[in-house]
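Read through the structure below, which is laid out as structure tokens, and then see the notes.
Throughout, protein chains are lettered first and strands after them, A, B, ... in sequence-line order, and every chain is numbered starting at 1.
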Protein chains: 2
Amino acid sequence: MNIRTLCLGILSFREATGYEIKKLVEEGMFSHFIDASYGSIYPALTHMESEGMLTVRAEEQSGKPDKKVYAITERGRASLSEALDVLPRPDKFKSEFLFQMLLARALSGEQLAAVYDTRLRDLTEELGRIKACSTAGATDFGLRFVNGYGQAIVGAAVQYLEERREEMLNEAASRSADAAE
Amino acid sequence: MNIRTLCLGILSFREATGYEIKKLVEEGMFSHFIDASYGSIYPALTHMESEGMLTVRAEEQSGKPDKKVYAITERGRASLSEALDVLPRPDKFKSEFLFQMLLARALSGEQLAAVYDTRLRDLTEELGRIKACSTAGATDFGLRFVNGYGQAIVGAAVQYLEERREEMLNEAASRSADAAE
DNA sequence: TCGATATATATCGACTTGATATAAAAATCG
DNA sequence: CGATTTTTATATCAAGTCGATATATATCGA
């Protein structure tokens, strides 16, 4: 699935500017399982507009650059349907954190603790954000499902990190002691 | 973190060829949270060899192309330490499946069921694979931690999908009925 | 024996990211 | 009130990465 399909999907909910799409993907309901940069969003919108999948409405604003509000067309909806009518590719999960944990033996005890606690804090905050918007999207069952998924997965991660914290940091500390002998 | 650091990390465990690195990343302990293609691995190895971070040993094989076995040098270990001495970037999770679930209203009931059950089966298999290699890596505490993390997260996903299955498919079916009225 | 799969390296087009540029309104703050 | 930061908004580009493909041989099962 490419950025074009992502944009079509978002625009199937409501019309939006490239900037708004980026914000949705960065902070909104989408942020937990999708990525997209300006460098891919803007060309995608321009391209799809030229293909008749979107319409643009330039909202003039005093001084500021025109706001280009994109809306999906029938052709766009057809293209979206087509793109969704295939089995999704396997999920992709990239974690520099887990890579560092795997190489934990190469880290100092302090560094490990710093990395671990930062990750735990970030995950806890993320869980809070997900729970915060669980009430808002209670209408659509797709939204509810995705929000619940986020809570389940991030919740499990937080729980695991909390459970293993002592063990992990102690083991790293004792290993440092071994090395010092 | 780039592919170069990934290669250094793997080569800090043992020497390997580009092909073996790709297999480890694709099937081994790393596969659940790392990605890398030949198109990035081979150039990275060549480049780092020229910088003195790796050594190559060409193992001749009758007929087959030479096996280029790479090993990390002291300079390579130093570079790895340096690369690990920063806070990891936030994890990235990309899921076409969740994107489709979000747009579930645009899918037919049959398509939704097919997508859902495929995902559930894939996740269950992945959980099996992770559990299968949990005994093997019981020695290193980094390996144990990462394996446990995988079990916790994928286990939570499987559980969530199983719990919500009826609800999700029923709701999709009833929505189809609404649309038909 | 014949097609499929595995071993092994290598390249390349297409796509994406992350950074940067530009510009002005709005908000924050001493 | 004036100064600084943040937010709104579009756009581009180098660097990095993926996915596909090419090449060549061995091995394994039907």
Problem set entry | Lys/Arg N to Asp/Glu carboxylate O, B:Arg129 vs B:Glu126, below 4.0 Å | no
Exercise. Whole-Å distance between C:dA19 P and B:Asn2 CG?
Worked result: 14 Å
Exercise. Can you tell which of C:dG18, D:dC18, C:dT9 lies closest to the side chain of B:Lys68?
Worked result: C:dT9
Exercise. Any salt bridge between A:Lys23 and A:Glu20, counting N to O under 4.0 Å?
Worked result: no
Problem set entry | Inter-axis angle, terminal five-pair segments of the helix from C:dT1-D:dA30 to C:dG30-D:dC1 [nearest 10°] | 50°
Problem set entry | DNA chain D contacts made by residues 20-32 of chain B, counting heavy atoms under 4.0 Å | none
Seminar exercise, completed: note: B:Glu59, atom CD; D:dA26, atom P; distance rounded to Å ~ 17 Å
Seminar exercise, completed: Value for CG (A:Leu143) from CZ (B:Arg105), rounded to nearest 0.5 Å, stands at 9.0 Å
Exercise. Cluster partners of A:Tyr42, using ILVMFWY side-chain heavy atoms under 4.5 angstrom, listed by chain and number?
Worked result: A:Tyr19, A:Tyr38
Exercise. OP1 or OP2 of C:dT9 less than 4.0 angstrom from a side-chain nitrogen or oxygen of B:Thr17, does that happen here?
Worked result: yes
Problem set entry | Between A:Glu96 and A:Gln100: side-chain donor-acceptor atoms closer than 3.5 Å | no
Problem set entry | Nucleotide nearest A:Lys67 (side chain, heavy atoms from C-beta), chosen from D:dA9, C:dT16, C:dT9 | D:dA9
Problem set entry | Euclidean distance, atom CD of residue A:Glu96 to atom C1' of C:dT17 [Å, nearest integer] | 13 Å
Exercise. Is A:Tyr116 reachable from B:Leu87 through a run of hydrophobic residues whose side-chain heavy atoms are each under 4.5 Å from the next?
Worked result: yes
Seminar exercise, completed: Per atom distances to the A:Tyr19 side chain, the nearest of C:dT16, D:dT8, D:dG19 is D:dT8
Problem set entry | Closest to side chain of B:Asp35, choosing from C:dT11, D:dC18, D:dT17 | D:dC18
Seminar exercise, completed: DNA chain D nearest-nucleotide lookup for A:Lys92 and A:Val69: closer to the 5′ end is A:Val69
Exercise. How close or far is atom P of C:dA8 from atom CG of B:Leu45, stated in whole angstroms?
Worked result: 14 Å
For this session: When you get a sec, tell me which of D:dC18, D:dG19, D:dT12 is the closest nucleotide to the side chain of A:Tyr38?
Result: D:dT12
For this session: Tell me what A:Gly39 touches on the nucleic acid: a base, only sugar-phosphate, or nothing, going by heavy atoms under 4.0 Å.
Result: base
For this session: Quick one: sort the B:Tyr149 and A:Phe93 rings into parallel, tilted or perpendicular, breaks at 30° and 60°.
Result: parallel
For this session: Please determine if a side-chain N or O atom of B:Arg89 lies less than 4.0 Å away from the OP1 or OP2 oxygen of C:dG18.
Result: yes
Exercise. Nearest to the side chain of A:Ser40, which nucleotide is it out of C:dA8, C:dT16, D:dT12?
Worked result: C:dT16
Exercise. Is a salt bridge present between B:Glu15 and B:Arg57, judged by a nitrogen-to-oxygen distance below 4.0 Å?
Worked result: yes
Exercise. More 5' along DNA chain C: B:Tyr70 or B:Lys94, using each one's nearest nucleotide?
Worked result: B:Tyr70
Problem set entry | ILVMFWY network linking A:Val69 to A:Val56, side-chain heavy atoms under 4.5 angstrom | no
